[in-house]
Amino acid sequence: MANSAEAKTRGGLVYGIAAYALWGLMPLYIWALDRVPSLEILAHRVVWCSVVLLILVTVFRRGGDLGRALRNPRILGLLTLSSLLIATNWFCYIYGANTGQTIQTSLGYFINPLFSVLLGMVFFGERLRPVQWLALLLAAVGVLILVVMSGQLPWIALVLAVSFGFYGLVRKVTPVDAVIGLAVETLVLVPVAVAGLVFWTATGTGSFGQMGWDIDVLLLSAGVVTAVPLLCFGQAARRLPLTTIGLLQYIGPTLQFLLAVLVRGEAFDPTKAVSFGFIWTALVIFSAESLLAARRRHLLEKRLAKESQSPVAVS
């Protein structure tokens with residue numbers, strides 16, 4: 001049993017690292033398409049992702065689950081809302097990477113875990129421990145420094161954090177798994193995406209078939225690029241505790257940040273350094289406190305289980 005559990009954990013770590021590493025390397029894919037308008041990249045991502053997911057649904061015989069989700073008004077309504085949120089998130093991410101603002105996209109995903117904690121408090125009545133409040137305060141100070149010192153609101157980072165935070169909130173209360181959920185979300189968006197692609201093609205402003213075979217292949221690959229890390233994440237989520245998942249999620253924005261600075265040469269001036277310093281400190285404090293809290297819970301559960309199994313003295 002122990003070996004089986006260890007193998008499960010190791011497999012989960014492999015899947016989790018793969019998922020977040022692929023998400024972290026996503027700027028390389030977007031940069032390769034920097035001649036294609038952001039909205040058109042989004043449209044291709046929606047269309048080809050839906051195709052990949054429908055193939056997966058067919059192969060794994062999940063058509064019945066997809067049909068039930070589409071026929072359930074509550075589930076369809078929630079997934080329509082989440083589709084708008086994820087489309088907003090995808091567009092801002094693509095736009096940020098396409099316009100030389102990948103550092104700001106990484107900032108959005110560094111902020112997101114802390115924003116999600118805030119949403120849990122507001123919508124689910126979760127109580128924040130004092131150290132968590134400190135982490136939130138430090139992150140807020142980091143964003144405020146960036147706004148005041150640069151004179152600009154980091155709107156891409158904020159939209160990414162808010163849209164993905166609310167996306168997670170909606171998906172948390174929607175009783176479908178990742179594959180079926182994303183399949184419905186992309187199907188909801190497909191009519192608009194197809195209409196856009198048809199319009200751009202008819203007016204001669206589209207990129208597909210006009211910029212070379214390499215661009216065409218990249219656009220057709222959008223579905224695989226989207227689906228593969230999602231499937232890896234789904235496997236990791238079933239094998240790993242939430243605390244581990246919570247730590248692994250920083251792989252993505254860290255890779256994005258390093259690519260932006262080291263590969264793309266985006267400026268990381270002192271203002272950004274101070275702002276990120278506050279936010280990174282907040283994340284270290286938050287993660288360390290979460291790990292300690294999880295360990296305390298585990299030890300308590302272990303002790304209670306041991307006490308419940310101990311023989312009761314008979315007088």
Side-chain angles (χ1 to χ4, degrees), residues 13-36 38 41 45 89-116 135 138-139 141-143 145-147 149-150 152 154-165 218 221-222 224-226 228-230 232-233 236 240 243-288 290-291:
L13 281 173
V14 171
Y15 279 117
I17 292 170
Y20 286 109
L22 288 171
W23 279 325
L25 295 172
M26 187 70 74
L28 296 174
Y29 173 76
I30 304 300
W31 293 339
L33 290 167
D34 58 6
R35 291 182 292 157
V36 182
S38 301
I41 297 175
R45 189 173 187 180
N89 184 271
W90 284 354
F91 175 76
C92 283
Y93 182 84
I94 294 167
Y95 176 81
N98 242 349
T99 55
Q101 300 179 81
T102 306
I103 286 179
Q104 198 178 148
T105 67
S106 73
L107 175 63
Y109 290 112
F110 278 126
I111 294 172
N112 173 252
L114 300 173
F115 181 72
S116 296
L138 289 173
V141 170
V143 174
I145 288 173
L146 193 59
V147 172
M149 297 299 291
S150 67
Q152 295 180 334
W155 68 268
I156 293 175
L158 294 176
V159 171
L160 284 173
V162 170
S163 61
F164 201 69
L218 286 170
S221 302
V224 174
V225 168
T226 302
V228 169
L230 175 72
C232 289
F233 174 77
L240 297 174
T243 49
T244 305
I245 292 289
L247 292 176
L248 290 178
Q249 69 182 323
Y250 298 125
I251 293 174
T254 299
L255 285 175
Q256 291 173 31
F257 174 82
L258 292 174
L259 287 173
V261 175
L262 301 178
V263 177
R264 203 68 165 180
E266 290 187 24
F268 189 60
D269 54 49
T271 297
K272 289 179 181 175
V274 173
S275 174
F276 270 76
F278 271 91
I279 292 166
W280 285 334
T281 301
L283 291 173
V284 169
I285 292 172
F286 177 80
S287 300
S290 297
L291 282 174

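Across Ile103 and Glu266, no two heavy atoms sit closer than the pair N-OE1, 3.1 Å. Here the shortest heavy-atom pairing between Arg45 and Met26 reads NH2-CE, 3.9 Å. What you find for Val159 and Cys92 is that their closest heavy atoms are CG1-SG, 3.3 Å. The two atoms that bring Ala139 and Ala282 nearest to each other are N-CB, 3.8 Å, heavy atoms only. Considering all non-hydrogen atoms of both residues, Pro154 and Leu107 come closest at CB-CD2, 4.4 Å. Residues Gly165 and Ser116 approach most closely at CA-OG, 4.0 Å, considering heavy atoms.
At a threshold of 4.5 Å between non-hydrogen side-chain atoms, the residues Val143 and Leu146 do not count as touching. Under the 4.5 Å side-chain criterion, counting only non-hydrogen atoms from C-beta, Tyr109 is in contact with Asn89. With a 4.5 Å cut-off on side-chain heavy atoms, Leu138 and Phe286 do not count as touching. Between Arg264 and Leu259 there is no side-chain heavy-atom pair separated by less than 4.5 Å. Taking the side chain as every heavy atom from C-beta outward, Leu218 and Val36 never approach each other to under 4.5 Å.
Of the inter-residue distances, the one linking Trp90 atom CH2 with Phe164 atom CZ reads 10.0 Å to the nearest 0.5 angstrom. The distance from atom CE of Met149 to atom CG of Asp269, rounded to the nearest 0.5 Å, is 9.5 Å. Between Leu33 atom CG and Asn98 atom CG the span is 7.5 Å, to the nearest 0.5 Å. The CG atom of Leu22 sits 11.5 Å away from atom CG of Leu230, with the distance rounded to the nearest 0.5 Å. Considering OH of Tyr29 and CD1 of Ile41, their distance stands at 7.0 Å, rounded to 0.5 Å. Rounding to the nearest 0.5 Å gives a distance of 13.0 Å between CD1 of Ile94 and CG of Asp34.
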>> side-chain contact (heavy atoms from CB on, under 4.5 Å), that's the test. Do Phe115 and Leu158 meet it? Break it down for me.
In response: CA-CA 10 Å; Phe115 181 72; Leu158 294 176; over 6 Å; no
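In this structure, Tyr20 has its ring center under 6.0 Å from that of Trp23. Ring-centre distance between Phe257 and Phe110: not below the 6.0 Å cut-off.
For Gln104 (side chain) and Trp155 (main-chain N/O), a donor-acceptor pair under 3.5 Å exists by modelled atom type. In this structure a side-chain-to-backbone donor-acceptor pair under 3.5 Å is missing from Ser275 to Thr271. The backbone N or O of Thr102 lies less than 3.5 Å from a partner atom in the side chain of Thr105, making a donor-acceptor pair. Here the side chain of Ser287 pairs no donor or acceptor atom with the backbone of Val284 at under 3.5 angstrom.
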